[in-house]
Amino acid sequence: MHIVRNALAIALSCLASAQSLAQQPVVRAELDSMNILVGGQVGLNVTVSVAKGVECHVLQLPDTLSAQVEVVEAQKPDTIENGDLTEYVRRYMVTSFDTGLHYVGPIPVAVTNDSLRLYTPEFALSVMNPFQNMAVNQEGVNVIYDINSAEDAPFQWRELLYYWPWALAAVILAGLVYLGIFLWKKYGRKKTETEKKAELPSEPCEVTALRNLERIRSEKRWMRNQVKEFYTDLTETLRKYLSSRYDIQTKESTSAEIMSQLKLIMRDEREEADRLAEILELADLVKFAKMEPLADENDKAIADAELFVNNTTEAAKRKEAERKTSESEPTVNVTINETEKENA
């Protein structure tokens with residue numbers, strides 16, 4: 001009876017000890033791999049298991065676990081309920097730049113509500129040199145040999161088959177470029193000449209100018225507060241007339257530049273040159289100085305423009321008639337002289 005009592009007491013004591021051990025916090029530190037190359041990274045999983053209801057504050061590992069092992073990244077912690085236990089899991093990425101087997105001693109990772117500090121178990125990390133298995137010379141020393149030079153391979157014609165699509169594309173492209181240049185020279189140039197012919201006026205320049213001036217007069221744009229537009233249209237008509245009549249550049253020229261070109265051309269038409277200069281000067285004041293001329297001045301401007309076109313047209317016709325007369329006079333004289341010789 002006494003023996004049975006002792007055995008029962010021993011069994012109860014062992015059961016209580018086992019239950020007490022089961023409720024003790026447990027810390028695990030597990031590497032994804034114990035072997036890495038220099039500068040490589042490996043995952044480290046730290047797990048703290050405590051009984052349910054036990055409050056536990058998980059600490060973050062320091063940046064340096066040992067003199068050779070460093071923490072690169074710390075991920076967010078996670079909590080897992082596993083039966084009667086609560087597991088706090090946190091993953092780290094560690095690295096090392098020194099070869100060899102490095103031991104990481106116990107590191108505090110958590111504190112329980114009864115101020116119990118929990119430490120990781122000791123673990124080891126093996127860091128290897130990727131060039132460790134180099135060639136060995138006769139003295140048994142690791143040696144890094146230079147890169148072998150390229151070998152001269154014999155030429156084979158079938159190697160050109162790889163490039164035939166590119167060669168064909170280059171030939172086709174060159175043919176298209178040549179065809180484009182040929183067609184442009186053959187048809188493009190003719191088209192340009194046709195367009196130039198189409199741009200030639202189909203009526204005398206004075207007829208076009210007088211018709212436009214009559215239109216401008218009938219519109220009376222200055223009566224609708226469009227004085228600037230009126231003078232712009234007026235001067236544009238005169239510019240086109242001058243360009244056609246005297247073959248001068250007026251499109252991009254200022255009024256002063258136009259008068260400078262006409263200085264020699266109209267040296268025998270001083271009055272008309274002054275009339276044109278007065279019109280252009282008034283138009284510049286309206287367009288650029290915002291001058292407001294009187295209605296009579298607007299009427300006079302359009303009348304002077306019509307008079308200028310008519311007078312210069314008559315002058316041009318007289319000059320043309322004089323030129324034709326001067327060209328025909330030598331022929332008449334020669335004919336008279338030959339007749340006198342025959343009579344003699």
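The structure presented is a predicted model; accordingly, all values stated were derived computationally and were not measured.
For the side chain to side chain donor-acceptor pair (under 3.5 Å) test, residues two or more places apart in sequence or in another chain that qualify with Asn82 are Glu87. Here Glu292 pairs with nothing under the salt bridge (Lys or Arg N to Asp or Glu O under 4.0 Å) rule; sequence neighbours left out. Annotation: side chain to side chain donor-acceptor pair (under 3.5 Å) contacts of Glu269 (sequence neighbours excluded): Lys319. Residues satisfying the side chain to side chain donor-acceptor pair (under 3.5 Å) test with Tyr241, not counting sequence neighbours, are Arg245, Thr312, Thr313. Residues passing the side chain to side chain contact (heavy atoms under 4.5 Å, CB included) test with Ile172 are Leu168, Leu176, sequence neighbours excluded. Every residue meeting the side chain to side chain contact (heavy atoms under 4.5 Å, CB included) condition with Pro121, not counting sequence neighbours, appears here in chain and number order: Val27, Ala29. Remark: Asp78 engages no residue in a side chain to side chain donor-acceptor pair (under 3.5 Å) (not counting sequence neighbours). Every residue meeting the salt bridge (Lys or Arg N to Asp or Glu O under 4.0 Å) condition with Asp274, not counting sequence neighbours, appears here in chain and number order: Arg270. Looking at residues two or more places apart in sequence or on another chain, you find a side chain to side chain contact (heavy atoms under 4.5 Å, CB included) between Asn310 and Leu210. Taking the ring pair (Phe, Tyr, Trp, His ring centres under 6.0 Å) definition, one finds that Phe230 meets it with Trp222, sequence neighbours left out.
Side-chain N or O atoms of Thr250 include one that pairs as donor or acceptor with a backbone N or O of Arg239 at under 3.5 Å. A donor-acceptor pair is defined here as one N or O able to donate and one able to accept, closer than 3.5 Å; no such pair exists between the side chain of Thr64 and the backbone of Ser66. Remark: the backbone N or O of Glu219 is paired with a side-chain donor or acceptor of Arg224 at under 3.5 angstrom. Of the possible donor and acceptor atoms, none in the side chain of Glu214 sits under 3.5 Å from a partner among the backbone N and O of Arg211. The backbone N or O of Lys240 sits nowhere less than 3.5 Å from a side-chain atom of Ser244 that would complete a donor-acceptor pair. For Thr120 (side chain) and Pro106 (main-chain N/O), no donor-acceptor pair under 3.5 Å exists by modelled atom type.
Under the 4.5 Å side-chain criterion, counting only non-hydrogen atoms from C-beta, Leu85 is not in contact with Val50. Between Met266 and Glu272 there is a side-chain heavy-atom pair separated by less than 4.5 Å. For the pair Glu236 and Lys251, the minimum side-chain heavy-atom distance is 4.5 Å or more. Inter-residue side-chain proximity for Pro293 and Val286 is flagged as met; some heavy-atom pair is nearer than 4.5 Å. Counting heavy atoms from C-beta on, the side chains of Val127 and Asp98 never come closer than 4.5 Å.
None of Leu234, Thr237, Ile279 except one satisfies the side-chain contact (heavy atoms from CB on, under 4.5 Å) rule with Ile302; the exception is Leu234.
For residues 63-103, no pair satisfies ring pair (Phe, Tyr, Trp, His ring centres under 6.0 Å), with sequence neighbours left out.
Between Ser255 and Asp284, the side chains place a donor N or O and an acceptor N or O closer than 3.5 Å (distance only, hydrogens not considered).
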Under 3.5 Å, side-chain donor or acceptor atoms of residues 36-48 against the rest of the protein: list the pairs with distances, not counting sequence neighbours.
unit_1, atom_1, unit_2, atom_2, d
Asn45, OD1, Arg91, NH1, 2.9

